[in-house]
Amino acid sequence: MDTIETRIYTAFIIGSVVIGALFLYFLVTMFRNHRKHFSILRKYYLNEVELLEDDRGRIARDLHDDLGPLVSVANLLIRNCKGADEEDREYLAKAEQSLNELTVRFGEIAKNLVPGVLIGKGLKPAIDEFLNRYRTVSSIEFLFTCQLKQEPVHHFGLHLYRLVQELVHNAIKHSKAKKVELRIIERKGMIHLFYFDDGVGLSTNIQNEGLGIHNMRSRATMLNGVMEVNEKSEQGTTLYFALPIKQHYA
């Protein structure tokens with residue numbers, strides 16, 4: 001190899017190394033920016049969801065503190081009506097019944113907006129109460145176990161509660177299952193939420209995911225976790241969530 005060839009070869013090697021280094025730098029920078037953008041986006045959506053939950057709480061309190069007493073006063077006024085004839089008493093009885101139904105409905109709406117048991121007693125009692133409501137009106141057998149070392153902070157507990165709500169609503173609407181089993185287990189710094197049913201199964205094609213599945217997957221991603229769906233639809237549906245708990249305990 002003469003001097004000119006050696007120079008060309010050396011220049012080629014140096015040029016290749018420089019181009020490779022620039023390309024690597026570009027990839028690393030792009031990857032870091034992507035991770036930074038995703039982290040900002042995740043925090044933004046998480047804050048939006050938590051603001052939405054705060055609004056739900058405010059609406060629930062307004063229903064309980066403002067509208068509830070007004071309905072109670074109207075009920076008392078009806079009961080204290082004097083001098084009404086037989087026909088008027090029938091109308092008043094129907095009005096009282098409607099107000100009682102309205103009070104019950106207010107309570108149901110408030111519970112759906114913000115489960116008071118979750119705030120007062122914790123995650124397990126809240127999910128037990130939620131499932132008990134469906135046990136009385138659905139033919140599905142619901143099984144639930146919860147093994148947590150300590151109570152998660154409110155917002156994280158609320159996310160877990162919403163996941164369970166969505167799972168149960170989907171089971172009732174689509175699964176045709178006879179049995180649904182839910183397990184929440186804390187293990188190695190993670191909360192594992194398992195869902196099993198013996199119904200007709202679920203498509204795993206992301207393109208065809210329903211809104212409920214999409215929302216649960218988004219919620220899991222926001223919490224820095226993952227969601228997996230089983231592939232054997234003939235054996236019912238299995239969903240699994242793994243959520244880090246490091247920053248989510250009170």
Side-chain angles (χ1 to χ4, degrees), residues 38 41-42 45-46 48-50 52-53 112 115 117-118 122-135 137-149 151-249:
F38 178 76
L41 203 61
R42 188 180 65 78
Y45 282 121
L46 202 55
E48 285 288 307
V49 170
E50 289 176 357
L52 180 63
E53 293 292 354
N112 285 330
V117 178
L118 178 65
L123 182 64
K124 184 177 183 304
I127 294 177
D128 277 331
E129 184 195 63
F130 170 71
L131 293 177
N132 284 337
R133 270 185 268 158
Y134 283 96
R135 287 185 178 114
V137 297
S138 169
S139 60
I140 298 176
E141 180 186 4
F142 290 101
L143 305 174
F144 173 55
T145 55
C146 182
Q147 298 172 4
L148 293 177
K149 294 178 181 175
E151 189 65 23
V153 295
H154 173 65
H155 274 122
F156 186 58
L158 197 50
H159 281 296
L160 285 169
Y161 182 86
R162 296 295 183 211
L163 285 173
V164 171
Q165 269 190 320
E166 192 67 52
L167 289 166
V168 171
H169 288 159
N170 280 347
I172 290 172
K173 284 192 289 186
H174 307 298
S175 74
K176 298 181 181 176
K178 294 179 181 176
K179 182 186 288 186
V180 166
E181 184 172 359
L182 290 153
R183 294 181 202 159
I184 296 177
I185 300 170
E186 179 187 341
R187 189 182 298 157
K188 295 181 179 178
M190 302 285 287
I191 282 187
H192 305 270
L193 168 58
F194 299 91
Y195 168 93
F196 314 93
D197 75 39
D198 59 355
V200 296
L202 183 71
S203 169
T204 57
N205 186 340
I206 293 177
Q207 297 297 326
N208 295 327
E209 278 187 359
L211 183 61
I213 297 294
H214 174 75
N215 287 343
M216 287 190 290
R217 194 182 293 281
S218 298
R219 195 181 289 272
T221 303
M222 279 191 301
L223 295 170
N224 253 346
V226 296
M227 169 186 156
E228 296 177 2
V229 185
N230 72 321
E231 297 179 355
K232 297 179 179 178
S233 60
E234 69 275 9
Q235 296 179 1
T237 298
T238 301
L239 286 95
Y240 164 68
F241 300 83
L243 308 170
I245 57 174
K246 196 172 181 180
Q247 70 276 34
H248 295 307
Y249 273 136

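In this chain, residues are counted from 1 in sequence order. All of these numbers come straight from a predicted model, not from anything done at the bench. Only heavy atoms go into these numbers, but all of them, side chains included; no hydrogens, no water, no symmetry mates.
His169 approaches Tyr134 most closely through the heavy-atom pair NE2-OH, 2.8 Å. Among all heavy-atom pairs drawn from Val200 and His174, the shortest one is CG2-O, 3.6 Å. The two residues Met216 and Glu166 have their closest heavy-atom pair at CG-CG, 3.6 Å. Between Asp198 and Lys179, the shortest heavy-atom distance links the atoms OD1-N, 3.0 Å. Closest approach of Glu151 to Gly122, counting heavy atoms only: OE2-CA, 3.2 Å. Annotation for Pro244 and Asn224: closest pair CD-O, 3.4 Å, computed over non-hydrogen atoms.
For the side-chain contact (heavy atoms from CB on, under 4.5 Å) test, residues two or more places apart in sequence or in another chain that qualify with Arg133 are Lys111, Asn112, Glu129, Phe130, Tyr161. Here Arg187 pairs with nothing under the salt bridge (Lys or Arg N to Asp or Glu O under 4.0 Å) rule; sequence neighbours left out.
Checked for salt-bridge contact, Glu181 and Arg183 meet the test: a charged N lies under 4.0 Å from a carboxylate O.
Using a 4.5 Å cut-off on side-chain heavy atoms (C-beta onward), Ile140 and Asp197 make no contact. Annotation: side chain of Leu167 is in contact with side chain of Leu193 (closest heavy-atom distance under 4.5 Å). Side-chain atoms of Leu118 and His154, non-hydrogen and from C-beta on, do get closer than 4.5 Å to each other.
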